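One structure below.
What you see is a predicted model, and the numbers here were worked out from it, not measured in a lab. Residue numbers start from 1 in every chain, and the chains themselves are labelled A, B, ... in the order their sequence lines are given, proteins ahead of strands.
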Amino acid sequence: MNKKLIHKTQTLYIYILIVLFAVTAPLFYFFIQNLYLNEVDETLIVSKSEFLDKSISELTVNDISVWNKFNSRIQIQPNQNLIKDTLFNKLYYSQLEQEDEPFRELNAPILIEGNPYTLSIKTSLLESDDLITGVILLFVIILLILFLVILFINKLLSERMWKPFYQTLQQIEKFEIDKHHKTDLPNSDIIEFNQLNKSIENLIEKSSAIYNNQREFVENAAHELQTPIAVFKAKLDDLMQRSDITNGQAEVLNSLNDTILRMSRLNKNLLLLSKLDKHAFSESETFSLKELIEKNLSFFIEQAKSKSIDIISDFHDDFILNSNKALVEIMLNNLLLNAISHNVGNGIVHILLADKKLSISNSGKNIALSTEKLFSRFSKINPSGKGNGLGLAIVKKICDLNNWQINYTFSEETHTFSVLFH
Amino acid sequence: MKLLLIEDEIELAKSIQQFLNQNDFMCEWVKNLSSAKDKIANYNYDCILLDLMLPDGNGFELLKELKNNNKPEGVIIISARELLETRIEGLTLGADDYLVKPFHLSELLVRIQAIIRRKEFNGNNKITFNEIEIDTLSKVVKVNNQPLDITKTEIDLLLFLIGNKNRVLTKAAIAEHLSGDMADMLDNHDFVYAHIKNLKKKLKDAGAVNYIQTVYGLGYKWENE
């Protein structure tokens, strides 16, 4: 289970508190009780000494019953053959409380007029119990307060001390390699944190540099390919104009033409993607999404018609977007052309615009597309198709740039891509 | 018609030059800005084809100079840079058109024709091919002086075919011409066939000669038999 750092130390503190309590409380109780018993024993011994010093010389055997009658604490009992003083705890039934009460008792052998007797002095331990309980309670309360204060101080200190760490953490969480915001790691007076920040900054810098290199490489490669493709196209076109071309040669030329077109398309898409990565499309304008769709709709209807596909558009409401119009157009075109080219004969494409959401559904194969790699580059759903596997990657990228959400759902032979505009 | 091609990519330049010369233009070719400036100072051209990234500078420089000197030449920028900003900058600097590499030569041809038309007749002109007459401004097509009921796309197609007469046009080139940037995303060009079929039928019904020939495996050709 994952816990916050501070919780970890706090729980540790609480565990230590419990263990400490469990160990010290009985120990403390035992000590206090011993201490008290010693005190009581001393009192009993003092009482006995006093008795021996003052009372015993004046006592006669006949006085014993009278003595016993008036002294409940110090009793003279018949000889129990004691050799030396003994101290012990004993329960006596109290008439007052109607229950047994604990007493500490001292039995000592004495001689009254030469006859051996046993002197028994007792003290109630009832008060001591109260006292011990009180002391223990006080102990517990003080300990508890101490711990709470320590816990609180610890929490306060930790929070203050770990603050730069959490700030750094937040910055790292926000960091995205394909976005261009600079990470601003806080300075701290703690060497370890500064070290951490420095390492992270280095790491980010290096990764960004590598990422940018990679992106630039793709962009430059695609860019440099444009001219050779243009030359190839021009030469091919030139060749096609010859009047002595046989049917077989024409077929080869046609297939070459298709290939170079595919290459040109792929290259343009790569260029677009790398420009999207570079955030080259910063300018935005306000426009109506409905109007933008309607602008190219006739083109798509025409495309669909050549495959006997119907386009149904449902514009429940329109909304105004503030974004790069060219990119949104590319996104719409990609989605619509996908819906047309991955359709079935006599199928339909349904464009629904409602609740800040654009859904484009198309009839198609009765298998849901695997969503895992749907939006990643060069993932082709239909390997034999002419698509280059970049269309949806571009759509996704455009959505990401605008913080829009794109979803794919499938039900009953209908594939739906929906874009949620926030 | 005299054209100046400013392009540093030798193979591409040769192809363009050869192609334009075959299509009744006189195309001169220079590889860099300084020789281009010399040429422009000494000769007049109907249209200049300008690459942006040249060994001795940016094509925009030349564009600015032309504008400052009030030179009447039409300018088509041909560049591999397809950023919208570059396009807008080029057009605001006075270029008449912008073509992104790689392009079809047939597309270049009709763009040059359109610019020359605009320059010579101030945009108000008619194209005639035997019994067919096209008014590019009012978008009216007449066959034997009878107006034809024809869509905008079909006029566009007709102009493209006539502009490239006697040349084989691939479906892809036609598709690109008709759908512009969108063609980059199309994975088939079947819709071209439908348009060709409709145009053929309309022309035939109006009594025009069937000039549109299907070239096996390659595409279509406008041919005066």
From [X] atom [atom1] to [Y] atom [atom2], the distance as rounded to the nearest 0.5 Å:
X       : Y       : atom1 : atom2 : result
F129(B) : I134(B) : CZ    : CD1   : 10.0 Å
S359(A) : F417(A) : OG    : CZ    : 11.5 Å
L158(B) : I150(B) : CG    : CD1   : 5.5 Å
I348(A) : I312(A) : CD1   : CD1   : 4.5 Å

Please name the pair of heavy atoms, one in N343(A) and one in I309(A), separated by the smallest distance, quoted to 0.1 Å.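 Closest approach of N343(A) to I309(A): CB-CD1, 3.4 Å.
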Side chain to side chain contact (heavy atoms under 4.5 Å, CB included) partner of I6(B), chosen from N32(B), L49(B), L52(B), L62(B): L62(B)
Part of [X] lying under 4.5 Å from any heavy atom of chain B:
X       : result
N247(A) : both
L271(A) : side chain
K305(A) : neither
L236(A) : neither
L337(A) : side chain
K233(A) : side chain
N334(A) : both

Flag the pair Y220(B) / V168(B) as yes when at least one side-chain heavy-atom distance between them is below 4.5 Å, and no otherwise. no
Cation-pi geometry met for K2(B) and Y45(B) (6.0 Å, 45°):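 Geometry flag: set, cation within 6.0 Å and 45°.
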Using heavy-atom distances under 4.5 Å, tell me whether [X] contacts chain A through its side chain, its backbone, both, or neither.
X       : result
A80(B)  : both
E11(B)  : both
Y216(B) : both

Between [options], the one whose heavy-atom pairs under 4.5 Å with chain B are most numerous:
options                            : answer
I260(A), N254(A), N338(A), I245(A) : N254(A)
A326(A), G391(A), A230(A), P228(A) : A230(A)
L272(A), N333(A), L253(A), I229(A) : N333(A)

When heavy-atom pairs shorter than 4.5 Å are enumerated against chain A, which of H104(B), K14(B), K171(B) gives the highest number? H104(B)
For each of H189(B), H195(B), K221(B), Q22(B), tally heavy-atom pairs with chain A at distances under 4.5 Å, and name the one with the top tally. H195(B)
Parallel, tilted or perpendicular for F160(B) and H177(B), by the 30°/60° rule?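 Because their plane-to-plane angle is under 30°, the rings of F160(B) and H177(B) count as parallel.
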Output, in order, the C-alpha distance, side-chain angles, deciding distance and verdict of salt bridge (charged side-chain N to carboxylate O under 4.0 Å, His left out) for D96(B) and R111(B). CA-CA 9 Å; D96(B) 297 87; R111(B) 302 255 186 134; over 6 Å; no
